[in-house]
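To keep things clear, I will list the structure first and then write my remarks on it.
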Amino acid sequence: MKGNITFTMIKPDAVADGNTGAILSRIEGAGFRIVAMKKTQLSKSDAEKFYGIHRERPFFRELVEYMTSGPIVAAILEKENAVEDFRKLIGATDPTKAEEGTIRKLFAKSISANAIHGSDSDENAYIEGNFFFSMRERF
Ligand code: UDP
Ligand code: MG
């Protein structure tokens with residue numbers, strides 16, 4: 001169902017700090033349904049592929065190193081207007097600019113170690129979901 005799903009990862013800093021449960025609770029509390037979820041660790045090539053769009057950016061090496069530094073929790077989430085509503089729930093990339101009450105404001109350590117990922121479009125939600133799960137037609 002285009003428009004109703006997004007993809008998220010709870011990033012290594014948040015998992016290592018024991019914030020997985022608190023973050024999932026906020027996600028469910030905001031009305032998202034978890035339709036697939038797994039805890040795993042990205043290899044270097046996984047992280048390079050997932051963030052391929054940022055390959056030329058100055059922070060790419062640091063990003064790959066950080067994203068492979070420990071386990072992450074990947075999930076597909078369902079809700080009406082999922083992509084946009086989830087980006088609002090997580091807040092700005094840079095936690096110092098994130099609104100009060102957002103997941104990044106509450107849990108992120110820095111612009112790099114910013115606790116959580118959220119897809120930026122319906123198309124990317126589908127691509128990213130398929131990176132970790134086999135998404136069937138119902139999504
Ligand atoms: N990032 C970083 N430095 C920057 C910008 C981004 O380390 O100056 C990292 C950060 O972890 C961010 C990810 O790269 O979440 C992807 O960047 P993007 O601009 O797509 O931000 P997002 O969509 O995650 O808010
Ligand atoms: Mg992005």
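Excluded from the calculations below are hydrogen atoms, water molecules and symmetry mates; all remaining heavy atoms, backbone and side chain alike, are included. Quick caveat, the model's predicted, so the values are computed rather than measured. Order of appearance sets the numbers: ligands from 1, and atoms from 1 within every ligand.
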For atom 18 (P) of ligand 1, the protein heavy atom that lies nearest, with its residue and separation: H54 NE2, 3.6 Å
Polar contact flag for T93 and ligand 1 (N/O pairs, less than 3.5 Å): yes
Closest protein heavy atom (residue, atom, distance) for atom 9 (C) of ligand 1: L63 CD1, 3.7 Å
Within-4.5 Å side-chain heavy-atom neighbours: F32 and L89: yes
Closest heavy-atom pair and its distance - V15, K39: CG1-CE, 3.8 Å
Non-hydrogen side-chain atoms of Y51 and H117 separated by less than 4.5 Å: yes
Proximal candidate to atom 10 (C) of ligand 1 [heavy atom criterion; set I90, I116, I111]: I111
Contact (N/O only, under 3.5 Å) between N114 and ligand 1: yes
Polar proximity ligand 1 side, R87 side, N/O cut 3.5 Å exclusive: yes
Within-4.5 Å side-chain heavy-atom neighbours: V83 and D120: no
R104 to ligand 1, any heavy atom closer than 4.0 Å: yes
Under 3.5 Å: N/O of E62 near N/O of ligand 1: no
Of H54, R61, R55, the residue whose pairing with E48 passes side-chain hydrogen bond (donor to acceptor under 3.5 Å, both in side chains): R61
Geometric cation-pi criterion K38 and F132, 6.0 Å radius, 45° cone: no
Which segment of M9 sits under 4.0 Å of ligand 1 when only heavy atoms are counted: neither
Heavy-atom pair of closest approach, residues L106 and G101: CD1-O, 3.8 Å
Test salt bridge (Lys or Arg N to Asp or Glu O under 4.0 Å) applied to E65 - qualifying residues, sequence neighbours left out: none
F60, F50, F59: member with heavy atom nearest to atom 8 (O) of ligand 1: F59
For atom 11 (O) of ligand 1, the protein heavy atom that lies nearest, with its residue and separation: S112 O, 2.8 Å
